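To start, the structure under review is shown below, and the notes come after it.
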There are 2 protein chains.
Amino acid sequence: MIAEMNNSPANEAPTDPTIEFFFDFISPFGWFAAEQIGALANRFDRQVNWRPFLLRVTVGAIMKATPPLELPLKGPYLLHDIKRSARYYGLSFSESARFGFNSVSAARAVRWARSSSPRHAGDLALALYRAHWSSGRDISDMEIVLNVIDDIGLPRDDAARALAGPKIKDAFRKDVESAVELGVFGSPTFVVDGELFWGVDRLPMLETWLEKGGW
Amino acid sequence: MIAEMNNSPANEAPTDPTIEFFFDFISPFGWFAAEQIGALANRFDRQVNWRPFLLRVTVGAIMKATPPLELPLKGPYLLHDIKRSARYYGLSFSESARFGFNSVSAARAVRWARSSSPRHAGDLALALYRAHWSSGRDISDMEIVLNVIDDIGLPRDDAARALAGPKIKDAFRKDVESAVELGVFGSPTFVVDGELFWGVDRLPMLETWLEKGGW
């Protein structure tokens, strides 16, 4: 993860034009990032690779850390900060949105979209995020996930079949392992040219990295 | 901690012109914030109240959380991010700077300066931060703290006497309790008009809060 200084661009291997965007649907900060990452990528003529993963694997199983919202002092602050940040970003946060739900169905749906409708994976991720956190629809429920797929014009029945089978489940499980291997632990995390940036607050730093090629 | 919307300024109680700046010397992110908070306060014609506290009380004793640098995945990321952030902010980070040291002597020194040389409390805090993180001097050592006090022209002998006695120790202990009562858990934290912002990455949000009076 050491930054490679872009000292002699002509001699460097071509940079990967993708921004790897890691997120978990249970993370409202991931939503705030999802709302902004497309426009940022466009500014730099890059694609976004939408890569859901599971915080319960990284924070829960590997780091064995208490979910932050459950901590004294920090938990109440985060709840307040999430709502304040939603307003800051101009987003409407539903009072009935459920925290700490099981995000695996929604995550697998994005994994399915990446294979079957790659140009719409981001649209689906955003639609799922908004359904849950802005509209208060429970995306832990596969039926709701399939409804959202249908809402944005993707093939619901194809998705239902694929999501019931083993292939997408295996593919997503490998995705989570790959995220861990890359060092991803939190949502959102952005990876460009091997460099990780954790947190929606780091979008400005990510932009500077893209502008300057590192420092 | 609910934000008070500044809807009718003429009817509001006058806002406190102070930015409460909470930090622990063991936190490099606190250093990065310390380097910027003075200029930010000047832009808004506010004073900074430099309030050291102890992460081992908030994160350790109250939240009972593992120090982040010791966590798998997150620990290595934070170490990399601290050095990258130092470069980002144009600061020179010493390769021999010690992590996780006992910051109570340095914290009490700033508490002493707040009483005895209030206009220089910030100067001392910055000098201590730079001594440790940029020059690799160990500010867990009271001798080093007293040398830094002397370096910036404050009265070393007065400090030595005060820091050996019970008054400053009591005052600082109460400071840490006050921080906890306010809801402070991390370093840096900025509090304006009762509103908390945690993290050096939130300096832009703090500025927006000061410009708009909240949202």
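Just so we're on the same page: letters track the sequence lines, and every chain starts at 1. Just so we're clear, the structure is a prediction, and the values are computed from it rather than from any experiment.
With B:Trp215 contributing its side chain and A:Arg84 its backbone, the two residues share a donor-acceptor pair below 3.5 Å.
Taking 4.5 Å as the heavy-atom cut-off, the residues of residues 57-65 of chain B that approach chain A are B:Thr58, B:Ile62, B:Met63, ordered by number.
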Could you walk me through whether A:Leu196 and B:Tyr77 pass side-chain contact (heavy atoms from CB on, under 4.5 Å), step by step? CA-CA 8 Å; A:Leu196 264 74; B:Tyr77 170 82; 3.9 Å; yes

Would you check, one step at a time, whether the test side-chain contact (heavy atoms from CB on, under 4.5 Å) holds for A:Thr208 with B:Tyr88? CA-CA 9 Å; A:Thr208 305; B:Tyr88 180 75; 4.0 Å; yes

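Distance check, rounded to the nearest 0.5 Å: CG of B:Leu78 to CZ of A:Phe185 gives 5.5 Å. Taken from CE in A:Met205 to OH in B:Tyr89, the straight-line distance is 5.5 Å, to the nearest 0.5 Å.
Remark: B:Gln47 CD is loosely packed, at most 12 non-hydrogen atoms of other residues, nucleotides or ligands lying under 6.0 Å away.
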